[in-house]
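Before any comments, here is the structure.
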Amino acid sequence: MKKGIARFHECMGTLFASILSGEVPSHRVASGEGWYAFLDIFPRRSGHTLVIPTRSVQRLAELTRGERSSLMDGVNEVQTILGAYFGTEDFTICVHDGPLAGQEVPHVHVHVLPRTAGDQGGTLVSMWPSTETAPPDHEALSVLAQLLQEAS
């Protein structure tokens, strides 16, 4: 997002709240109970769509169970629409949950990108290209899984 737009919306509410209120135009793809989907204005590929909850919260954990369910229903509906148009069943679905995760607008949003052969999109590994791929360390993974279970 452009820095000027980000600064403006820090003071005035989020960009997505302004889209939902109609103050800022958007290009609607679909909408439903508790969610709204529109084309990303800085798309990574044609059809790149954002699905947002109609209640403005920054993190997935702040949504109720019903809101999360509705949001995923919206993602599924958008996949159906994009899939029919682009002739694909393959999608990259991405959520940046918080600023350290790359979230630029502090309002939950799900990126839905239709994937087709030769679209130049990458894999999860392409997001961390300098991370070395090594054989799995099952002992370390087992310890971490146990610690995570104890923390919950």
Side-chain angles (χ1 to χ4, degrees), residues 1 3 5-7 9-11 13-20 26 28-84 86 88-152:
M1 178 187 343
K3 290 190 184 292
I5 294 172
R7 285 193 200 107
H9 287 288
E10 284 174 12
C11 299
T14 72
L15 172 62
F16 296 161
S18 296
I19 286 172
L20 287 168
S26 67
R28 180 186 170 280
V29 172
S31 59
E33 183 68 35
W35 61 273
Y36 180 73
F38 55 98
L39 293 173
D40 192 305
I41 60 171
F42 300 114
R44 296 296 165 226
R45 68 143 301 151
S46 183
H48 181 172
T49 300
L50 301 177
V51 184
I52 64 173
T54 54
R55 186 167 72 91
S56 182
V57 297
Q58 182 172 11
R59 298 181 185 279
L60 283 169
E62 296 174 62
L63 293 170
T64 67
R65 182 176 299 202
E67 289 170 327
R68 286 190 305 271
S69 178
S70 292
L71 184 64
M72 289 302 110
D73 287 345
V75 168
N76 184 254
E77 187 167 328
V78 166
Q79 285 181 284
T80 300
I81 292 166
L82 295 175
F86 289 97
T88 187
E89 295 180 356
D90 296 347
F91 298 87
T92 293
I93 308 295
C94 181
V95 177
H96 301 283
D97 200 27
L100 295 179
Q103 185 184 51
E104 295 177 309
V105 177
H107 184 132
V108 170
H109 53 289
V110 180
H111 295 261
V112 182
L113 294 100
R115 299 301 302 271
T116 54
D119 66 12
Q120 309 216 345
T123 64
L124 185 61
V125 173
S126 70
M127 295 175 76
W128 286 275
S130 62
T131 302
E132 292 184 31
T133 303
D137 182 344
H138 289 288
E139 185 177 329
L141 292 169
S142 178
V143 169
L144 179 57
Q146 183 63 41
L147 292 171
L148 292 170
Q149 290 172 34
E150 292 170 5
S152 62

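Values below: all heavy atoms of this structure, side chains included; hydrogens, waters and symmetry mates excluded. Along the sequence shown, residues are numbered consecutively beginning with 1.
The heavy-atom pair separating A37 from V51 by the smallest distance is CB-CG2, 4.0 Å. Closest approach of S126 to T123, counting heavy atoms only: OG-O, 2.5 Å. Nearest heavy-atom pair, T64 versus R55, reported as atom, atom and distance to 0.1 Å: N-NH2, 4.1 Å. Closest approach of R59 to P99, counting heavy atoms only: NH2-CD, 3.7 Å. The two residues P114 and D119 make their nearest non-hydrogen contact at O-OD2, 3.9 Å. Heavy atoms only, all atoms of each residue included: S31 and Y36 are closest at CB-CD1, 3.8 Å.
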Show, in sequence, the C-alpha distance, side-chain angles and deciding distance for E62 and V108, and conclude whether the side-chain contact (heavy atoms from CB on, under 4.5 Å) test is met. CA-CA 9 Å; E62 296 174 62; V108 170; over 6 Å; no
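Partner of R115 under the side chain to side chain donor-acceptor pair (under 3.5 Å) criterion, chosen from T88, D90, T92: T92.
Residue R44 places its CZ atom among 12 or fewer non-hydrogen atoms of other residues, nucleotides or ligands, all under 6.0 Å distant. Atom CD of E89 is surrounded by 12 or fewer heavy atoms from other residues, nucleotides or ligands within 6.0 Å. Surrounding CG of L100 are at most 12 heavy atoms belonging to other residues, nucleotides or ligands under 6.0 Å away.
Between L63 atom CG and L71 atom CG the span is 6.5 Å, to the nearest 0.5 Å. Expressed to the nearest 0.5 Å, how far OG of S26 lies from CG of L15 amounts to 9.5 Å. To the nearest 0.5 Å, atoms CG (L113) and CZ (F86) are separated by 10.0 Å. The line from CG of L39 to OG of S46 is 8.0 Å long, rounded to the nearest 0.5 Å. Distance check, rounded to the nearest 0.5 Å: OG of S69 to CD of E67 gives 10.5 Å.
Using a 4.5 Å heavy-atom threshold, the side chains of H107 and V57 count as separate. Taking 4.5 Å as the limit, some side-chain heavy atom of F38 sits within range of a side-chain heavy atom of I52. Between Q103 and H109, the closest side-chain pair of non-hydrogen atoms falls below 4.5 Å.
With sequence neighbours excluded, the residues satisfying side-chain contact (heavy atoms from CB on, under 4.5 Å) with T54 are L20. Under the rule for a side-chain contact (heavy atoms from CB on, under 4.5 Å), the partners of Q79 that lie at least two apart in sequence or sit in another chain are V75, N76, F91, I93, V112. Partners of Q149 by side-chain contact (heavy atoms from CB on, under 4.5 Å), not counting sequence neighbours, listed by chain and number: A145, Q146.
Between the side chain of D40 and the backbone N or O of H48 there is no donor-acceptor pair closer than 3.5 Å. With hydrogens and angles ignored, the 3.5 Å screen pairs a side-chain donor or acceptor of H96 with a backbone N or O of A101. Side chain of S142 to backbone of H138: no donor-acceptor contact under 3.5 angstrom is found.
Defined by atom type and a distance below 3.5 Å, a donor-acceptor pair is present between the side-chain atoms of R45 and T116.
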